[in-house]
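In what follows, chains carry the letters A, B, and so on, assigned in the order in which the sequence lines appear, proteins first and then strands, with residues in each chain numbered from 1.
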Number of protein chains: 2
Amino acid sequence: MAVSKSELQRRIQAFSDACSRKGLRVTHQRMEVFWALAVSDAHPDAESVYQRVRSRVTGISRDTVYRTLATLESKGLIRKAAALGGSARYDANMANHHHFVCTACGLIKDFSSKVLDDLPIPKTVESFGRIDASQVQVRGVCVSCAKRKPKKRRRSPK
Amino acid sequence: MAVSKSELQRRIQAFSDACSRKGLRVTHQRMEVFWALAVSDAHPDAESVYQRVRSRVTGISRDTVYRTLATLESKGLIRKAAALGGSARYDANMANHHHFVCTACGLIKDFSSKVLDDLPIPKTVESFGRIDASQVQVRGVCVSCAKRKPKKRRRSPK
DNA sequence: TTCCTTAATAGGAATTATTCTTATCTGGGG
DNA sequence: CCCCAGATAAGAATAATTCCTATTAAGGAA
Ligand SMILES: [Mn+2]
Ligand SMILES: [Mn+2]
Ligand SMILES: [Zn+2]
Ligand SMILES: [Zn+2]
């Protein structure tokens, strides 16, 4: 647990308000899912959230946890870390470069930048472990997704 | 296809050499999997690579594609983009921050940096689409993974 | 407070992604 | 040419996620 009790209280209240404001019903399950996420800094996956919530809300279904996490992310109330899609994406380009990722279709575009290649990583990070590499990830919506309205996420293009 | 014919040739030759050097057998399937990845800049997932290779090597199995991609990544001959683990990881911390990711166990640690919060994203990226956010991802091996040798990847801690 | 509409949920099946198992094959050193 | 550890094929098994349908309940209206 990284956040203080009072800060947690504040975030949960703010979350409840945000739900109301955005037209999302403030359900018991929804609050518990958010709590499970906000109480920790471990960036849990859906299954971990499910297990944690289940100890407080008997009978909650996995589907509710998955659905709630997806809903909250789409409303900008929580974020996905690192993994943006369900399947791993590979890259044969080992040269130092960075990525633009479309959050709508999963498109990944490369870009280069001398400046970004040598980022000033804070010394505190070194205490976490050995650093192998660092790169910038830019998230957004690609031009083709921007025009053709919503659409489903597709498999990696081509 | 973003790379020139000659550059592709060069990379494939280099790959073949690298395999030999690292004690990996230069198999037909392995070469085709690498080719499928190197010929494109679409950062394909395993299924896409499988489909592409299958049109040239009838009878190749999905397992070979998955296994080969994993092997090549472990040898540093290709990279995984964005998604580091099999399951999505969530974050309730919407404040601007960055991540250290352990490639051995999936641990994700937050860190902050005023400098990194406002990186100079090249103008070329704007042509890809609308930019919503950008953050730095540092990859490495966490301290606990560094001591207790290899070990299996575990579910998100806690 | 009670009623009503419909978003949200539970439970489980279905689907998708990835890994495992086992028999068989083959690259490349000798 | 021979050998055999490393690789592969095929498909079962497992893990992750989504879908389906009947039922529940949040919250606005009366
Ligand atoms: Mn790339
Ligand atoms: Mn975080
Ligand atoms: Zn897109
Ligand atoms: Zn680790």
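The closest side-chain donor-acceptor pair between A/S127 and A/T124, if any, does not fall under 3.5 angstrom. Using modelled atom types, one finds no donor on one side chain facing an acceptor on the other under 3.5 Å when comparing A/S74 with A/T71. Side chain to side chain, A/Q9 and A/Q13 fail the donor-acceptor criterion of an N or O pair below 3.5 Å. Residues B/D110 and B/H98 bring no donor and acceptor atom of their side chains to less than 3.5 Å of each other.
The C1' atoms of five pairs define one axis at each end of the helix from C/dT1-D/dA30 to C/dG30-D/dC1, and these two axes lie 40° apart (to 10°).
Rounded to a whole Å, the CD atom of A/Q51 is 13 Å from the P atom of D/dA15. At whole-Å resolution of the value, CG in A/L24 and P in D/dA25 are 19 Å apart. To the nearest angstrom, P of C/dT16 lies 15 Å from OH of B/Y50. For the pair B/F34 CZ and D/dA7 C1', the interatomic distance rounds to 19 Å; values are reported in whole Å. In this entry the distance linking CE of A/M31 with C1' of D/dA26 reads 14 Å, nearest Å. The CD-P distance, from A/E32 to C/dA8, rounds to 17 Å in whole Å. Rounded to a whole Å, the CG atom of A/D45 is 15 Å from the P atom of C/dT18. Remark: C1' of D/dA16 and CG of A/D63 are 13 Å apart, rounded to the nearest angstrom.
One finds a salt bridge joining B/E7 and B/R10 here, because a Lys/Arg side-chain nitrogen approaches an Asp/Glu carboxylate oxygen to under 4.0 Å. Between B/R62 and B/E47 a salt bridge is recorded (basic side-chain N to carboxylate O distance below 4.0 Å).
Regarding contacts with the backbone of C/dT18, a side-chain N or O of B/Y66 is found under 4.0 angstrom from either OP1 or OP2. Here B/R67 does not reach the OP1 or OP2 of C/dT19: none of its side-chain N or O atoms lies under 4.0 Å away. In terms of phosphate contacts, B/T64 brings no side-chain nitrogen or oxygen within less than 4.0 Å of OP1 or OP2 of D/dT8. For C/dT9, one of the phosphate oxygens OP1 or OP2 lies less than 4.0 angstrom from a side-chain nitrogen or oxygen of A/T27. A sub-4.0 Å separation between OP1 or OP2 of C/dG11 and a side-chain N or O of A/R62 is absent. Within the 4.0 Å cut-off from OP1 or OP2 of D/dA25, not a single side-chain nitrogen or oxygen of A/R25 is found. In this model, the phosphate group of D/dA25 is not approached by any side-chain N or O of A/Q29 to a distance below 4.0 Å at OP1 or OP2.
A cation-pi arrangement, defined by a distance under 6.0 Å to the six-membered ring centre and an angle within 45 degrees of its axis, is present between A/R56 and A/W35.
Between C/dA8, D/dG11, D/dT8, one nucleotide has an atom nearer to the side chain of B/R30 than all others, and that is D/dT8.
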